[in-house]
Each structure stands twice: as structure tokens, then as C-alpha cells.
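To start, the structure itself, in C-alpha cells.
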Amino acid sequence: MKIAVLALQGAFIEHEKKLWQLGAQAKEIRQRRDLNDSFDGLIIPGGESTVMDKLLRELDLFDDVKTRIKEGLPTFGTCAGLILLAKRVENGGEHLSLMDIAACRNAYGRQLGSFSTEEDFAGMGKIPMTFIRAPYILEAYGQAEPLANVDGKIVAARQDNMLVTAFHPELNDDLTVHKYFLDMCR
Ligand code: GLN
């Protein structure tokens, strides 16, 4: 299985390492011609949503990426990736706008908003969750289903081919979320 990882900015190498650990191949997307290759899924990593949005547009990747996800490409967005996929963003602009979630950007405060905890993910048991200037999901409506909560806030959700987490599963040893995503890609 080959998974594309958007490698414009942010924590993409950590996702690649997880994919290798699970026996999948990783393919970095840096420019338009990288989209010509075939792949089974896409990861949009954490980083800075405004910068990633700007680069997607400047490199003329925005429309193609949006269309592919809309057409069913399994896609996993972490943190800034969640913000890019959300249809509604509080404290931020409009980006790919594909998923029925309202995200609150920098919801835990700008600088002091980094912390770790353990909570259940998708009924699969407790997993470590690391948050870095993270958003949370104010509301999952329409077709989006919450998959995890921390302190009464939704921090992971799924809608058809799209999975998002406000936390960074690529920064902990646990493989649950990446396994879950690879199952979506099969
Ligand atoms: N605060 C960042 C943003 O607004 C997200 C942080 C992250 O991806 N770790 O895009």
C-alpha cells in the first residue's frame, strides 16, 4: 500500500515513519507532478494551516487535492490538517472545506496550549494524545461522526473517506490511529 503525505510544511516525516512501521510505503507530495503517481491514501500533517493553504494554492495543488478527496481518496488530517478539511473554522479562514465539522483554531490558547493525555479512540481503548497549539471540534454535524473526546471536546472525527485528529498520533509510539487509517485505505 502506498500513502501520499503532503510534504510542504510541518510534521510530515513523523507520519512517514509510522507508515513504514506498519509496512506501507510513503510518497511525499511536494509539487504537481507528484500527484501523477498512484496512491491509496493521503495524509495532511500538522503544521500551520494558513501556511499550508498558501503553499497548496501557490504550487497549484489546491484544486486537484480537493477534487481527489471529494471523489473519495482516503484522507487523514492531523491538527492543521483537520483545520484544512473543516467546512467551518472559527479563528481562521476557509480552506479545503470538505468535512462537516466546525473547528476552533488554537482552541487551547496560542502558546501554552500544548499538553498530553490519554483517552479512548473509536472504542478501541485509551491511546496517548499529544496536542500542540491544537484546534478542537466545536461541532460534528451532517455526516461527520465523533471518534474521541477530551474534557468534553471532540478531538477526532470521521466522515466517509476522511479522518481527522486534533492531536498528533505520529508523535507517540502507539499505532492505533495509523492502523485505523490504513484500514480505511484498503
Ligand atoms: N495552530 C496550528 C494552525 O492553526 C495547528 C497546530 C498544529 O498543527 N500542531 O494551523
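What you see is a predicted model; the values in this text were computed from it and never measured. Just so you know, ligand 1 is whichever comes first in the structure, and atom 1 is the first atom listed for that ligand.
With hydrogens and angles ignored, the 3.5 Å screen pairs no side-chain donor or acceptor of Glu119 with any backbone N or O of Met129.
The 4.0 Å heavy-atom shell around ligand 1 contains residues Gly46, Gly47, Glu48, Ser49, Cys79, Ala80, Ile83, Arg105, Asn106, Ile132, Arg133, His168, ordered by chain and number.
Within 6.0 Å of CZ on Arg186 lie more than 12 heavy atoms contributed by other residues, nucleotides or ligands.
Ring geometry, Phe181 versus Phe76: the interplanar angle falls from 30° to 60°, so the pair is classed tilted. The aromatic rings of His15 and His178 sit tilted, their planes meeting at an angle between 30° and 60°.
Residues Lys66 and Leu98 meet the side-chain proximity criterion, which asks for heavy atoms closer than 4.5 Å.
Annotation: salt bridge (charged side-chain N to carboxylate O under 4.0 Å, His left out) contacts of Glu90 (sequence neighbours excluded): none.
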